[in-house]
Amino acid sequence: MGTPFFGRKKLVRKIKNHYMKLEAEVQKETRLPLTSDYVFKRIFAREENNSMLKDFLEAILNIHINKVEVKNPELTPNMADEKLGILDLKLDIDNERVADVEMQVSNEHNIKERSSTYLSKLAAEQLKAKQNYKELKKIITINILKYNYLERNSYHSIAKMKYEDTKPIEFVDMGYKKEEEEATNTFEMHFIELPKFKEKNPDCNTKLEQWLWLIDGSKEEKVKMSAKENEEIDKTVKELNKLSQNPDEVAKYEEREWSIMRYDVEMKTNRELGEKEGEKRGRENEKKAVIKNLHKLNIPIEKIAKAVELSEKEVEEILSK
């Protein structure tokens, strides 16, 4: 006897639900991550994805944006280069602000200095074109970090140029009830630390929370909730899924990831070798100082050589310099 009609419907629903669940799990495994600087730029630099980029920037900067233009949409052809060029986004926002957005996976312990250097470069580029300080657009750097860096209790830190508090010894009563705090509103740095965001584990109530859950990508249920709440995130997820099914794009992503991994290993090795070389030189300098001090005390060279475990010839060479 076959399965009754209603039983068959239930079975079909069960199979369909299982398939959808399985598809979601496979998709989670195969979706390329936005934390990859290649994937990030590949998605947001495309003109047809401009509305997604605009929504993303509005979430971070907490402003309304009419128009955003990507000034460097091209992808570096030599992404596997040993110098490991930066895949950032240089943007013009409403012809009032310029911004540089960078995805940082590896902690090179220099992001504050790097970000402030970018501010200077963006200012210099504008002045070169206009030669007028008053026409300078607001300059913003946005750093999305896959690691914790700042000793601050916030996953989104905004840095601006402000005056220090007036010192009592330098106080002059000019009648100001409230002193100016902001030295200039031209420069602004944003640091978003994804591990702190994940530790806070917020809901998907704000645009920023929604976008950061998509970028973090570690909780598929949060990504789904965000896509349900925000049409632009839903479009981004679909774009990511499409990109992830393209073998050429997957190959480029993997090439970039291997390059970053190789670069990190090389940098770490060089640092360790440098530290060992420094320690070695330090020991040698210390030994030379001991030899010279013993010699000043009229200790015979043969005894000095024995004390520092060198030949008499080596001791004499050190003393002759």
Side-chain angles (χ1 to χ4, degrees), residues 35-38 76-88 90 100 102-125 127-128 139 141 143-152 157 159 161-164 167 169-170 183 187 189 191 193 195 254-321:
T35 47
S36 159
D37 59 357
Y38 171 75
T76 311
N78 55 340
M79 289 187 301
D81 191 279
E82 67 277 1
K83 293 174 186 173
L84 205 70
I86 304 302
L87 295 183
D88 57 351
K90 286 186 170 63
D100 186 276
E102 187 180 338
M103 182 68 65
Q104 274 287 318
V105 176
S106 305
N107 186 0
E108 294 182 21
H109 308 281
N110 64 358
I111 193 63
K112 285 188 282 190
E113 293 78 11
R114 187 161 160 170
S115 191
S116 55
T117 301
Y118 281 10
L119 288 174
S120 304
K121 283 183 179 177
L122 291 170
E125 285 170 11
L127 289 170
K128 202 179 289 180
I139 302 166
T141 56
N143 306 280
I144 304 168
L145 314 179
K146 207 179 173 182
Y147 52 86
N148 289 338
Y149 187 76
L150 303 174
E151 293 181 11
R152 287 179 52 80
S157 298
M161 195 177 288
K162 294 189 175 183
Y163 293 107
E164 292 184 356
K167 298 173 184 175
I169 196 168
E170 296 169 355
F187 303 110
M189 295 190 293
F191 301 92
E193 298 165 282
E254 289 175 347
E255 179 187 32
R256 178 67 176 173
E257 292 304 297
W258 274 110
S259 298
I260 291 171
M261 195 181 300
R262 188 176 67 244
Y263 177 81
D264 287 345
V265 168
E266 286 173 359
M267 290 297 287
K268 186 180 177 185
T269 303
N270 289 339
R271 276 198 301 270
E272 288 174 353
L273 287 172
E275 287 169 5
K276 285 178 181 176
E277 187 61 33
E279 288 173 7
K280 184 183 175 184
R281 279 199 300 268
R283 286 194 297 271
E284 286 174 355
N285 289 335
E286 189 178 340
K287 190 172 280 191
K288 287 175 185 177
V290 168
I291 289 169
K292 288 177 181 178
N293 286 332
L294 290 174
H295 184 63
K296 285 176 186 177
L297 295 172
N298 296 319
I299 306 294
I301 284 176
E302 62 270 17
K303 289 190 176 179
I304 295 175
K306 193 173 182 180
V308 296
E309 297 179 336
L310 290 176
S311 67
E312 290 182 26
K313 187 179 179 182
E314 287 172 321
V315 171
E316 286 171 350
E317 284 176 359
I318 291 169
L319 290 171
S320 67
K321 290 176 183 178

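Only heavy atoms go into these numbers, but all of them, side chains included; no hydrogens, no water, no symmetry mates.
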Working to the nearest 0.5 angstrom, can you tell me the gap between [X] [atom1] and [Y] [atom2]?
X      : Y      : atom1 : atom2 : answer
Leu119 : Thr141 : CG    : OG1   : 4.5 Å
Ile139 : Leu122 : CD1   : CG    : 6.0 Å
Glu316 : Lys313 : CD    : NZ    : 9.5 Å
Thr35  : Lys146 : OG1   : NZ    : 4.0 Å
Ile291 : Ile299 : CD1   : CD1   : 13.0 Å
Glu102 : Asn143 : CD    : CG    : 6.5 Å

Identify the heavy atoms of [X] and [Y] that sit nearest to each other, and give their distance.
X      : Y      : answer
Arg256 : Asp37  : NH2-OD2, 2.6 Å
Lys292 : Ile318 : CE-O, 3.8 Å
Ser36  : Met103 : C-CG, 4.5 Å
Arg152 : Ser157 : NE-OG, 2.9 Å

Review point. Under the side-chain contact (heavy atoms from CB on, under 4.5 Å) criterion, do Glu255 and Tyr38 qualify, and how do the steps go?
Key: CA-CA 10 Å; Glu255 179 187 32; Tyr38 171 75; over 6 Å; no
Hey, does the side chain of [X] reach the backbone of [Y] with a donor-acceptor pair shorter than 3.5 angstrom?
X      : Y      : result
Glu193 : Leu150 : yes
Glu314 : Ser311 : yes
Ser115 : Lys112 : no

Practice item. Verify the distance criterion only: is there a donor paired with an acceptor across the side chains of Glu317 and Ser320 at less than 3.5 Å? Key: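 No pair is found: no donor N or O on one side chain lies under 3.5 Å from an acceptor on the other.
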Review point. Passes side-chain contact (heavy atoms from CB on, under 4.5 Å), Met189 versus Tyr118? Steps please.
Key: CA-CA 10 Å; Met189 295 190 293; Tyr118 281 10; over 6 Å; no
Point to revise | Enclosure of Glu164 CD (heavy-atom neighbours >12, cutoff 6.0 Å) | key: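 Counting other residues, nucleotides and ligands, CD of Glu164 stays at 12 neighbours or fewer.
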